[in-house]
Every structure is written in C-alpha cells, then in structure tokens.
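Each remark here refers to the structure printed beneath this line.
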Amino acid sequence: MNYWLIKTEPTSFSIEDLAAAPKQTTFWEGVRNYQARNFLRAMKVGDLAVFYHSNAEPPAAVGVAKIVREAYADPTAWEKKSKYFDAKASPANPIWSMVDVKLVEIFTSPISIDELRGVPALAGMEILKRGSRLSVTPVTAAEFRTIEKLGLRATGAGPVADSRAKHRSPGRSRR
DNA sequence: GCCAACGTTGGC
DNA sequence: GCCAACGTTGGC
C-alpha cells in the first residue's frame, strides 16, 4: 500500500466538494503533467492520499482520500469544451489518466503549509520543496501518519470544532 | 497581483 | 538536441 498527496485549488474543487459529491467520490481528472500522471498510474485501490488545498488561505492539508479506482483514460482530454482539452489526445490515444478517489476524512485541524514546514519529520516532502508544482506526489507511510495525526488532533480551546458540520453542501461538484 | 520556479514548445 | 521564449503554478 502506498501513500500520496493530491493537490487541488479549493476554488476549483475543494474537499467540501468531495464531501458533497455522490458517494463522496469523484474522478481526479485534469492532470496534464507526465510525472504526475505516472504517479496516478502507480496508484492502487486502497492507497491513501493527503488532500491538499493549494492557492488557498492558507494553503493546507485538509483531509484524506482513498483511491477507489485505478488509472483509466481521462476523457476530458478530448472534450473540446473542457478546460483540460489537449488536441493531441483522443479515445484511441488517451495520453492522460485519472483515478477515482473517495473521501475518508476531513481534518478537524487542517495543517497549514507553515505548520507543515515546521515539522521535522515532514522536511523531505515534495510539496514543501521550493518551486514544487507537481499536483500528485508520493509521500512515505511515516509522513502520512504524521500528517493524519496532526490533522485529527484535538483542537484544544473552545468547543470541539467539527469541520464537517461547518461545511454545508455547496450542491453539485463545481467541476 | 507579483514573480520565482518549472515544464513545454518550437526555431534553429 | 540545444536553449530562449513562453505559459502556468502557487506561495506570498
């Protein structure tokens, strides 16, 4: 079993969108980078992924998702209207792949990038490297466990926040 | 909104 | 096959 980190801009598709999706599952389409695609292709059913919000305030690890379907052709690549359209792709030559992911948990205590940088055990993470832009990256089991533990820690002051309760469903996925 | 870092493209 | 130009990403 392997562990990953998948990055998304919450204005495009957030973990709340995933929570609101049918079966809390979505296809992870739109990856248009060969290295990231190859990581998608290496994913196995049951693998777990840290769900990370980039370009957010603050950028943060916000939960965990599980791979529920292994890589298959990403049809948005040949949909002309899609923002992920790629003229070189076709059903005969899909080029790009996607997987299906299902929500496992939303962190009660999201971990901002600042905080991630402050954890020595996470110093080697790809996402924290300068100029890192890969939207799909492997993480080690130890890194995954460290992040999940931080994400689920008790929040301390005040009533225990249940982040799930705060997020009303925005309705259909905005994709 | 800036801009450094990076991947991709295309002229040669 | 080099590399400058360009577009995109994403933290700040």
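Chain naming here is simple, since letters A, B, ... match the order of the sequence lines and numbering starts at 1 in each. Note: hydrogens, waters and symmetry copies are ignored here, and every other heavy atom, side chains too, is used.
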Measure the distance from [atom1] on [X] to [atom2] on [N] and round it to the nearest whole Å.
X        : N      : atom1 : atom2 : result
A:Leu128 : C:dT9  : CG    : C1'   : 16 Å
A:Met125 : C:dG10 : CE    : C1'   : 15 Å
A:Ile127 : C:dG11 : CD1   : P     : 7 Å
A:Asn33  : C:dT9  : CG    : C1'   : 11 Å
A:Leu5   : C:dT9  : CG    : C1'   : 15 Å

> Any ion pair linking A:Arg37 and A:Asp74 (charged N to carboxylate O, less than 4.0 Å)?
Replying inline: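 Not counted as a salt bridge, because no side-chain N and carboxylate O are separated by less than 4.0 Å.
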> By salt bridge (charged side-chain N to carboxylate O under 4.0 Å, His left out), which residues pair with A:Glu115, not counting sequence neighbours?
Replying inline: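 Salt bridge (charged side-chain N to carboxylate O under 4.0 Å, His left out) check on A:Glu115 returns A:Arg153.
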> With sequence neighbours excluded, what pairs up with A:Lys23 under the salt bridge (charged side-chain N to carboxylate O under 4.0 Å, His left out) test?
Replying inline: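 Result, salt bridge (charged side-chain N to carboxylate O under 4.0 Å, His left out) vs A:Lys23: none returned.
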> Between residues 113-121 of chain A and DNA chain B, which residues have a heavy-atom gap below 4.0 Å?
Replying inline: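 By residue number: none to list.
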> Any ring pair (Phe, Tyr, Trp, His ring centres under 6.0 Å) pairs touching residues 122-154 of chain A, not counting sequence neighbours?
Replying inline: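 Found A:Tyr3-A:Phe144.
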Return a table of donor-acceptor pairs under 3.5 angstrom between the side chains of residues 129-139 of chain A and protein atoms on other chains or two or more places apart.
from	atom 1	to	atom 2	distance (Å)
A:Lys129	NZ	A:Glu126	OE1	3.3
A:Ser132	OG	A:Glu126	O	3.0

List, with names and distances, any nitrogen or oxygen atoms from the protein found under 3.5 Å away from nitrogen or oxygen atoms belonging to nucleotides 2-8 of chain C.
from	atom 1	to	atom 2	distance (Å)
C:dT8	O2	A:Arg133	NH1	3.1

>> Suppose we screen for side chain to side chain contact (heavy atoms under 4.5 Å, CB included). Which residues come up paired with A:Ala121, at least two apart in sequence or across chains?
In response: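 A:Val119, A:Thr146.
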> Who pairs with A:Pro58 by side chain to side chain contact (heavy atoms under 4.5 Å, CB included), at least two apart in sequence or on another chain?
Replying inline: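 Testing A:Pro58 for side chain to side chain contact (heavy atoms under 4.5 Å, CB included), a comparison that skips the adjacent residues, returns A:Ser112.
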> Between A:Arg32 and A:Arg130, which is nearer to the 5' end of DNA chain B once each is assigned its nearest nucleotide?
Replying inline: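 Final value for this comparison: A:Arg130.
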> Quick one: ring pair (Phe, Tyr, Trp, His ring centres under 6.0 Å) partners of A:Tyr52, sequence neighbours excluded?
Replying inline: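 If we apply the ring pair (Phe, Tyr, Trp, His ring centres under 6.0 Å) test to A:Tyr52, skipping adjacent residues, there are no hits.
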> Base, sugar-phosphate alone, or nothing: which one does A:Lys129 contact when heavy atoms must sit under 4.0 Å apart?
Replying inline: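 Counting heavy atoms under 4.0 Å across all strands, no contact is made by A:Lys129.
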